[in-house]
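Report on the following structure.
Each residue takes its place number in the sequence, starting with 1. Side-chain atoms are counted along with the backbone in the values below, which use heavy atoms only and exclude waters and symmetry mates.
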Amino acid sequence: MATEKKINRPSDDPVVAIRALRLRTNVSQVTQYYEKNAPDAESWLKITEDALTTVSEVITDMIKQCSSGANEKLTSEDRNAILDALKSLRDEVYATGNADYAGRSVFTGYRTESTLKFTADTKKSYKITEEIGTNAIDTITHVKIGDLNSINDANFSDDGTDASKPIDYAGITEQNVEEMSVYRIRLSYSDVDRVSKDGMGPQITYYDEASNSFVPVKVKYDSNGDGNLDAESEVIPEVKSVDDIPNPYESVPKTGAILIKETGELLIGEDVYNELMSHKDNVNTTYDESSIHITYQKTNWEKDDLKPEHYFTCTDMTDLTNQITYNENYTIPGAEVEKQVIEYDVGMNQSIRVNTTADEVFQHAIGRDVDDLVSAMQAVVDMEKTVEKLKGMAEDTKYNESEKKIINNQLDAANKALTMLSEKAQKVFESGITKMQGHLDTANLATTNCGTRSKRLELIQTRLMSQKTSFETLESENENVDITEVAIQLSSAKLTYEAALMATGKILQTSLMNYI
């Protein structure tokens, strides 16, 4: 009655004791799952879902900006507003990727102590290997504008004959402005290094099925000028700057490649393009023969750059005596790529995935597509300024007829360039709508998957609550006594005891003297 328990020690009833231990273990486990594990998983999923929803909203805004930018009739103010908006939205996408739960980053896989992106400008040398397919090779339109944007009232008449003024501005006409197509592989990062710290320059390799490895891309060429392709050499990209002369977009060798340092664009010649495109995937093999590896180095990281260790096979070479390699199996043919999935145990032999990895939604292509949009729009803005400047010079009465003829020729060239650049920007923005819609679909898919996990967790929590109640009921029935029944038994025992005492007392009242 006092303990409200059926037994006080195992020896009272071994069967009840054993059953009590099992039920207590079950109650303890279910309580851990229901009160701790499941709420932790729910919080992680909630933070992830909120971040993914924000990403979807930001990309939706990007689509709106692309729609605005595809408009044929835009003022300079409109274009500048679109540029500012796109840059801000790009930064916001990746800022969302640093979301954390209890100090742990939610999008960085097992590296929960590391942020998704750099939070400040950083100098850190990485050797990076990106794996792409031939579908990543695109054809871009380059508008050849020469030195139009650098014309001013002090140099417009320079004819290039003066060694101190080598540029022929006076000879610029409409014929100098033209469009050309360039084959390009866009790397995931801009501002890559000219020379790698380990002495290796950018390298292009493709998958060779015979050796089951990646080998350097080689192209054939005419070694002696007789028209026969009698020699073969490895394609070693030449690293150039956007300011180099001749313009790198206009000087890509047919059998070579150029890596533009500032933009992270790998421009490839026609023969290199044909060689890469000749490698098709055979679906009956274990590896994609159209896979291409691009290896390069990057040291200067800006705030908001995505950390490469979350995406690629890369080596941190900042300290050459203690190099750290990440994700080495990502680029090994046939190697199993481990997905960095974080799961919570939320039930008996039951777990649920709570994390979404960075590559599922925070892709480099989002920012790089914005870079293309910004570049195309900025080119139009810059050319508009040049046109306005030349118009003002053409109307200025201080120039003679000969000088005005030069200026009008330059103005005609600038107007032609502006038309071409505007058409290019319009196409880039129209294409941007499709690309951003693809990114939005990816973000929505990740949000849906996260929501599905949350819904499943709700069902598990409901079942855990039911299990907890059931086990506690069984535990109570096994260990606890029925108070009413025990009270009746106690009362009965008390009455019996008191009756016995009364009978004994009456018997003790009779003595030997009563018989005498």
Side-chain angles (χ1 to χ4, degrees), residues 126-140 181-190 192-196 198-223 229-240 248-249 252-261 263-298 308 311-315 325-337 359 363-365 368:
Y126 282 92
K127 182 179 179 181
I128 303 167
T129 298
E130 291 190 37
E131 181 170 274
I132 62 173
T134 52
N135 60 342
I137 305 175
D138 58 358
T139 303
I140 62 172
S181 296
V182 182
Y183 297 117
R184 178 190 71 168
I185 297 174
R186 188 181 61 190
L187 303 180
S188 294
Y189 296 104
S190 59
V192 296
D193 291 349
R194 283 181 173 273
V195 180
S196 297
D198 61 355
M200 294 291 292
Q203 187 179 39
I204 310 174
T205 57
Y206 70 95
Y207 177 69
D208 177 57
E209 185 179 5
S211 62
N212 190 35
S213 63
F214 280 81
V215 298
V217 174
K218 296 181 179 180
V219 293
K220 294 181 179 180
Y221 66 96
D222 180 6
S223 63
L229 302 178
D230 56 353
E232 189 176 55
S233 66
E234 179 183 345
V235 177
I236 301 177
E238 181 181 359
V239 182
K240 289 190 174 184
Y249 293 95
V252 183
K254 187 178 180 182
T255 58
I258 292 175
L259 177 63
I260 303 179
K261 177 186 184 303
T263 64
E265 295 175 291
L266 183 61
L267 311 179
I268 59 177
E270 183 179 358
D271 289 356
V272 181
Y273 172 78
N274 291 332
E275 173 63 23
L276 291 174
M277 296 301 291
S278 67
H279 301 285
K280 306 293 183 182
D281 179 31
N282 183 350
V283 295
N284 297 320
T285 58
T286 57
Y287 203 77
D288 186 354
E289 291 88 350
S290 66
S291 295
I292 303 169
H293 283 177
I294 310 294
T295 302
Y296 59 96
Q297 184 168 327
K298 179 174 172 63
Y311 296 89
F312 308 113
T313 294
C314 61
T315 301
T325 298
Y326 300 94
N327 314 316
E328 189 170 8
N329 60 344
Y330 280 19
T331 50
I332 298 176
E336 182 178 354
V337 178
D359 60 318
Q363 300 172 347
H364 290 78
R368 299 298 274 147

Donor-acceptor pair, distance only, cut-off 3.5 Å: does the side chain of Lys218 make one with the backbone of Val215? no
Side chain to side chain donor-acceptor pair (under 3.5 Å) evaluation trace for Thr315 with Thr325: CA-CA 4 Å; Thr315 301; Thr325 298; 3.2 Å; yes
Quick one: do the Glu265 and Tyr249 side chains pair a donor with an acceptor below 3.5 Å? yes
Shortest non-hydrogen separation from Pro248 to Leu267 and the atoms involved: O-CD1, 3.7 Å
For Thr129 and Thr295, which I'm curious about, is there any donor-acceptor pair between the side chains at under 3.5 Å? yes
Run the numbers on Ile292 and Val217 for side-chain contact (heavy atoms from CB on, under 4.5 Å), then give the verdict. CA-CA 9 Å; Ile292 303 169; Val217 174; 5.7 Å; no
How long is the span from the CG atom in Leu276 to the OG atom in Ser290, to the nearest 0.5 Å? 10.5 Å
A side-chain contact here means heavy atoms from C-beta on lying under 4.5 Å apart; do Gln203 and Pro216 qualify? yes
So OH of Tyr221 and NZ of Lys254: to nearest 0.5 Å the spacing works out to 15.0 Å
Parallel, tilted or perpendicular: which one describes the rings of Tyr287 and Phe214, with boundaries at 30° and 60°? perpendicular
Hey, mind stepping through Tyr311 and Asn327 against side chain to side chain donor-acceptor pair (under 3.5 Å) and telling me if it holds? CA-CA 8 Å; Tyr311 296 89; Asn327 314 316; over 6 Å; no
At what distance, to the nearest 0.5 angstrom, does CD of Glu131 lie from OG of Ser291? 4.5 Å
Less than 4.5 Å apart, any side-chain heavy atom of Pro253 and any of Ile258? yes
To the nearest 0.5 Å, atom CD of Gln297 lies from atom CG of Asp193 at 5.0 Å
Using the rule given for ring-ring contact (aromatic ring centres under 6.0 Å, His included), can you reason through His364 versus Tyr189, listing the C-alpha separation, both sets of side-chain angles and the distance that settles it, and then say yes or no? CA-CA 8 Å; His364 290 78; Tyr189 296 104; 4.8 Å; yes
Close side-chain approach of Pro237 and Ile204, heavy atoms under 4.5 Å: yes
Say whether, by atom type as modelled, one donor and one acceptor occur between the side chain of Asp208 and the main chain of Ser211 under 3.5 angstrom. yes
Identify the heavy atoms of Ser213 and Pro333 that sit nearest to each other, and give their distance. CA-CG, 4.3 Å
Between Val272 and the options Val235, Leu266, Val252, the side chain to side chain contact (heavy atoms under 4.5 Å, CB included) test singles out Val235
How about Thr139 and Val182: do any of their side-chain heavy atoms sit closer than 4.5 Å? no
Check whether any side-chain heavy atom of Tyr273 lies under 4.5 Å from a side-chain heavy atom of Ile137, and answer yes or no. yes
What distance separates Thr255 OG1 from Lys220 NZ, expressed to the nearest 0.5 Å? 14.0 Å
For a side chain to side chain contact (heavy atoms under 4.5 Å, CB included) with Leu187, tell me which candidate from Ile260, Ile128, Leu259, Thr263 qualifies. Leu259
Can a side-chain donor-acceptor contact be found between His279 and Glu289 if the only test is distance below 3.5 angstrom? no
Test your reading of the model: is there a side-chain donor-acceptor pair from Glu130 to the backbone of Ser188, 3.5 Å cut-off? yes
Distance, nearest 0.5 Å, that separates OG of Ser190 from CZ of Arg368: 5.0 Å
